[in-house]
Amino acid sequence: MNVVSISGLLCRLLILPIRLAQPAFAARLAFACLLGWCSLAQAQSLRAEAQLNVMASASQPVAAPVRPSQGVQALPQITLDSLQNEIALDTLSEYWIDETGKASIHEVDAAYGSPAVFRPRQNAQRHQIHDKALWIRFDARITDTRARWFVDVALASTDHVSLFWRDAQGQWVTLRSGDLLARSQWAVQDRFPVFQLDPQRQANTPYYLRIEHARMPFSAPLHIYRDTALVAQRSMEQFFLGAYFGLVMLVALVCVALALAQRERSYVHYIAYVLLVGISQATVTGMAGQYLWPQMPQWASLSYFFFASIATAAGMWFVRAVAKPRVYMPRLDKVALVVIAALVLVAFVDLARPSLAGFHISNLLVISVVVMVYVVAWYGWTRGDAVVRWIALGFLPVILGIVPLLLRNLGLIDSSFLTQHGVTVGSAIEMPILLYGLVLRTSARREARVRTAGLPTHDAMTGLSNTYDLLRHIHGSMTRAARYRQHYGLVLIELVNHAWFVKEHSKEIGDRALMLLATRLQLIARDVDTAGRVDENHFVLLIEGPCKPADVVKVAAQIAASVRRPSDLLPIGAQIKLQITCALMPDADALQLGDDANAQLGWLLHSSAMLDPVPGRNIRTLNF
């Protein structure tokens with residue numbers, strides 16, 4: 001299986017979301033892909049091992065490149081003068097891959113040049129140098145000695161990089177950097193391997209770069225920078241990276257506060273995911289090696305792949321916790337659990353014994369997670385789940401950032417801004433979107449809990465006070481009215497055309513009319529007032545005293561005007577019709593029936609029913 005076959009497999013995985021929604025097909029496909037990828041990884045490992053055995057068994061010394069024959073085009077000379085700030089080395093250098101990885105600088109320089117060995121480099125050229133060494137040669141002449149010049153290998157996870165040149169006495173000068181060295185041993189302590197060119201010589205000087213980079217194809221951009229240009233670029237990069245990691249910590253702290261306040265487990269899953277993605281991006285960008293573990297070279301080399309796998313597993317776990325695919329796709333949920341466990345297992349096995357097979361298996365599992373997240377989000381979107389839609393929208397930029405990274409790992413594209421920072425930019429966009437989705441989810445769940453807790457005192461449909469709670473508030477108003485010799489108001493609202501809504505449209509439309517009326521009552525009622533539902537289509541608004549007749553009529557007019565505003569909840573052209581009855585309480589006739597709240601409410605309902613409707617008037621008064 002070659003790169004074309006791998007890319008074909010990736011395309012098939014990405015274009016089958018509908019079939020993947022069928023759990024049985026998803027499980028079979030994931031298992032087949034895993035076997036295929038393992039076979040590929042094993043074949044490549046055996047081929048690499050066979051090549052090493054052949055080289056090790058050969059009795060001849062390490063083969064080094066031979067000098068160029070006559071007529072071979074000379075390597076272009078790079079002139080570093082006051083007009084230059086940045087020079088790309090892609091087409092201004094030559095390369096040779098040492099298959100054994102053992103050739104020394106003396107052997108390479110002594111036999112440099114055969115066109116069959118050293119070849120001109122092209123733009124965006126990729127090299128598979130697992131268990132090998134890549135040699136890059138370029139010639140540079142410094143004419144502006146007032147500035148310092150640096151060659152930059154813009155890939156933070158590079159294992160080992162060495163720069164060689166001869167000084168004025170003909171002795172080799174060697175500078176080293178890379179993840180396999182402690183930062184204190186780097187030529188320049190930076191996020192990337194950076195080397196200063198010879199500041200003493202102004203003549204044309206040949207430079208050799210020796211690069212070791214296991215498992216992942218090497219295609220890092222190589223540039224020569226003036227010192228001021230390099231400082232400016234690093235300052236800009238540090239600014240944006242500082243903003244990113246500040247956002248990571250801010251979102252994590254906000255989620256900690258929300259988790260403690262709301263007692264929501266989903267925030268805990270999100271905290272773990274955000275922190276692991278942040279640490280993973282710190283390893284990708286070189287921030288972790290520079291600041292978190294500068295004196296732990298072996299861990300710095302392995303942490304890149306380890307945290308990438310663990311963060312991917314945490315992302316899938318978070319999606320499971322929020323979208324809950326076990327409810328509507330239980331078999332796919334089980335496949336997701338297997339993939340999560342496999343990612344964690346492969347991460348720890350690779351940490352103990354790094355291998356090319358582990359790298360390929362990890363990439364396959366990451367592809368599987370991307371596909372499953374896409375399927376779960378797509379299915380939740382089609383079900384109309386508002387929270388899952390926000391989760392799908394949040395993961396979209398991260399998935400778009402992961403795709404170039406996977407293509408780079410497969411050797412299909414070279415390293416670029418998208419491969420190095422695509423996930424960083426995507427996760428920066430993702431974090432506030434996912435946090436907003438979680439807040440919406442928490443609000444919906446909290447509202448449901450509040451409704452459940454309020455069922456003994458509130459109407460389940462409208463959320464207004466039920467008859468029991470309304471009578472309790474009327475009793476309190478009666479007590480205060482008797483003590484302070486003041487009045488309170490009762491407004492009875494009847495939804496006259498509720499039966500028409502149910503008959504002509506549906507019960508759902510009738511319920512919408514009731515909910516719309518209840519919402520308008522809540523907006524009009526003051527904090528001290530109480531709005532309640534007493535039966536199918538009758539509502540009562542208790543206006544706390546001291547209250548005058550004009551105050552009661554004013555509130556009734558506001559209610560009548562509010563329902564005239566159009567609403568999308570009702571059919572086009574339909575309008576709520578009300579019959580409103582106002583009373584100033586306590587009333588002498590009502591007190592003759594009894595001095596309790598139940599008698600007062602009963603008097604209001606009976607008196608309103610006895611009144612004859614007046615054409616053109618929907619507001620009536622009882623006792624004023």
Side-chain angles (χ1 to χ4, degrees), residues 247-275 277 314-328 333 373 376-398 427-466 469 508 511-527 529-533 562 565 567-570:
L247 177 63
V248 170
M249 295 306 300
L250 176 62
V251 170
L253 292 175
V254 170
C255 288
V256 169
L258 290 173
L260 295 176
Q262 305 294 341
R263 305 293 181 182
E264 282 284 343
R265 188 178 300 176
S266 57
Y267 287 108
V268 179
H269 299 311
Y270 188 52
I271 292 168
Y273 170 64
V274 167
L275 292 179
V277 169
M316 188 68 242
W317 186 268
F318 169 73
V319 172
R320 285 189 65 256
V322 177
K324 298 188 181 305
R326 61 180 178 273
V327 176
Y328 47 87
D333 181 69
V373 168
V376 171
W378 168 81
Y379 195 81
W381 190 293
T382 59
R383 291 174 62 245
D385 191 331
V387 176
V388 175
R389 289 185 176 184
W390 282 104
I391 300 301
L393 183 62
F395 269 96
L396 180 61
V398 176
S427 60
I429 300 173
E430 168 205 52
M431 284 185 284
I433 297 177
L434 292 185
L435 182 58
Y436 180 72
L438 287 180
V439 171
L440 286 181
R441 181 175 184 267
T442 302
S443 299
R445 292 166 65 93
R446 183 182 180 184
E447 182 179 353
R449 288 196 297 265
V450 170
R451 281 182 173 271
T452 303
L455 285 178
T457 58
H458 289 75
D459 180 60
M461 177 186 294
T462 62
L464 301 180
S465 295
N466 58 17
D469 192 57
E508 180 185 356
D511 293 342
R512 288 185 184 182
L514 292 172
M515 295 177 64
L516 178 61
L517 176 56
T519 302
R520 300 289 168 83
L521 284 178
Q522 287 177 322
L523 293 176
I524 293 174
R526 301 173 301 175
D527 293 339
D529 299 338
T530 302
R533 184 183 180 193
S562 67
R565 298 197 304 267
S567 174
D568 294 336
L569 295 177
L570 302 179

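Positions are given from 1, in the same order as the sequence printed here.
- For the atom pair OG1 (Thr442) and CD (Gln262), the distance works out to 6.0 Å, reported to the nearest 0.5 Å.
- Closest approach of Met431 and Tyr270 over heavy atoms only: O-OH, 2.8 Å.
- Environment of CZ in Arg263: sparse, with no more than 12 heavy atoms of neighbouring residues, nucleotides or ligands closer than 6.0 Å.
- Contact between Leu247 and Ala428 at its shortest, heavy atoms only, is CD2-O, 3.6 Å.
- Residues Cys255 and Ile271 come closest through the heavy atom pair CB-CG1, 3.4 Å.
- When the options Arg326, Lys324, Arg320 are evaluated for a side chain to side chain donor-acceptor pair (under 3.5 Å) with Asp333, the one that passes is Arg320.
- The shortest side-chain heavy-atom distance between Asp469 and Asn466 falls under the 4.5 Å cut-off.
- Taking the side chain to side chain donor-acceptor pair (under 3.5 Å) definition, one finds that Trp390 meets it with nothing, sequence neighbours left out.
- What you find for Ala321 and Arg441 is that their closest heavy atoms are O-NH2, 3.8 Å.
- Leu393 approaches Ile433 most closely through the heavy-atom pair C-CG2, 4.3 Å.
- Within a 6.0 Å radius of CZ in Arg265, no more than 12 heavy atoms belonging to other residues, nucleotides or ligands are found.
- Atoms CG and NE2, from Leu438 and His269 in turn, are 10.5 Å apart once rounded to the nearest 0.5 Å.
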Side-chain donor-acceptor contacts of residues 514-525 below 3.5 Å, not counting sequence neighbours, with atom names and distances?
unit_1: Thr519; atom_1: OG1; unit_2: Met515; atom_2: O; d: 2.8
unit_1: Arg520; atom_1: NH1; unit_2: Ser562; atom_2: O; d: 2.4

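- Of the inter-residue distances, the one linking Asp459 atom CG with Arg533 atom CZ reads 4.5 Å to the nearest 0.5 angstrom.
- Among all heavy-atom pairs drawn from Ala323 and Val376, the shortest one is CB-CG1, 3.7 Å.
- Counting heavy atoms from C-beta on, the side chains of Leu258 and Leu435 come closer than 4.5 Å.
- Tyr267 pairs by the ring pair (Phe, Tyr, Trp, His ring centres under 6.0 Å) definition with nothing, not counting sequence neighbours.
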List the steps and the verdict of side-chain contact (heavy atoms from CB on, under 4.5 Å) for Met461 and Asp511.
CA-CA 8 Å; Met461 177 186 294; Asp511 293 342; 3.4 Å; yes

